[in-house]
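Beneath this line is the structure, given in structure tokens, with notes to follow.
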Amino acid sequence: MSRLRAAALALAIVVLPMQAGAAEQVNVYTYRETKLVQPLFEAFTKDTGIAVNVISASSGLEQRIKAEGDKSPADVVLTVDIGRIDEAVQAGITQPIGSAVIDGTVPPRYRDPNGHWAGISMRARVIYASKDRVKQDAITYEELADPKWKGKICIRSGQHIYNNALFAAYVAKHGEAKAEEWLRGLKANLAQKPSGGDRETARDVAAGKCDIGIGNTYYWALMMNNDPDKKPWAEATKVILPTFEGGGTHVNLSGVLLAKHAPNKANGIKLIEWLAGEKAQQIYADANYEYPIRPGVPLNPTIAGYGKLTADSLPIAQIAAQRKTASTLVDKVGFDN
Ligand SMILES: [Fe+2]
């Protein structure tokens with residue numbers, strides 16, 4: 001095992017302070033950063049008296065839960081991206097949530113038809129455009145393959161889960177042949193080999209290496225508001241919410257799953273329902289710069305400043321079904337070469 005992989009598998013166990021005499025508890029396995037989820041869990045414990053034990057890691061949680069088998073302490077899995085959500089379901093470590101509250105709150109297109117996962121917050125995959133060099137304020141995903149952008153686009157690896165979901169959405173919308181043609185066009189427009197993360201994409205637009213980059217909505221807000229070193233990268237760019245032709249903007253989810261052998265199942269469901277409630281949704285919106293899954297919860301002002309999000313209507317489960325095809329196409333067109 002490489003040192004990098006060993007480091008990635010190292011698990012940080014954070015046990016939040018138990019309430020005096022609290023017998024009720026729930027165990028959460030999460031890929032989300034502790035500092036993002038801690039305020040949520042503290043508020044949940046305050047509201048319900050249920051203590052939250054958190055196991056966080058950057059990879060390997062599905063394998064760990066699988067290895068723990070029916071003795072697994074995992075109740076709830078909290079993760080981001082339909083790719084990771086789908087992997088957890090495929091690993092066979094989940095069970096239907098079976099909550100009328102979730103079914104009544106989370107729109108059907110952001111839930112598993114079989115009930116194994118539900119979206120809790122959303123992010124959109126959008127354009128960071130140079131304020132100086134890009135005059136237009138609207139763009140379609142289809143247009144990214146137009147030769148007018150030749151040598152002007154920056155993006156991270158085509159195999160990264162965020163791009164995999166966007167490309168899978170393209171396959172679901174237009175079919176495999178059209179998606180391949182589009183990916184070849186997009187590849188031909190790249191200013192450089194896919195590299196870095198979404199923040200580095202903004203950095204490269206700011207540095208003039210490319211005119212437009214593709215990134216997630218929350219990174220731009222984080223750079224602008226929470227990271228003085230990277231603020232200039234946000235200041236040099238504007239966010240454009242792209243749409244599919246005749247459709248809306250590609251969104252992805254942070255989601256929640258109920259573990260198959262959850263020892264504290266009732267508390268797990270309580271936590272899942274609480275996360276979809278108004279208080280938690282406001283924390284997702286303001287602390288994490290995500291779009292609330294619950295209708296009617298106000299957006300963070302920076303996120304609202306991007307303009308009105310019209311999310312594409314394609315159910316997320318249909319995007320998940322095309323993940324493998326998208327990944328194969330990325331290899332086929334040599335996207336990352
Ligand atoms: Fe991210």
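Side chains included, hydrogens not; waters and symmetry mates left out as well; all remaining heavy atoms used. One-based numbering, in listed order, for ligands and for the atoms of each.
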Exercise: do [X] and [Y] side chains pair donor with acceptor under 3.5 Å:
X	Y	result
N225	Y289	yes
H261	S72	no
W149	E143	yes

Check for a donor-acceptor pair, side chain of K230 on one end and backbone N or O of R199 on the other, with a separation under 3.5 Å. no

Please work out whether the ring planes of Y162 and H160 are parallel, tilted or perpendicular, with thresholds of 30° and 60°. perpendicular

So which protein N/O/S atoms does the Fe ion (ligand 1) have within less than 2.8 Å? Y162 OH, Y218 OH, Y219 OH

Assess whether side-chain contact (heavy atoms from CB on, under 4.5 Å) is satisfied between R323 and N164, documenting all intermediate values. CA-CA 6 Å; R323 289 180 59 230; N164 177 246; 3.3 Å; yes

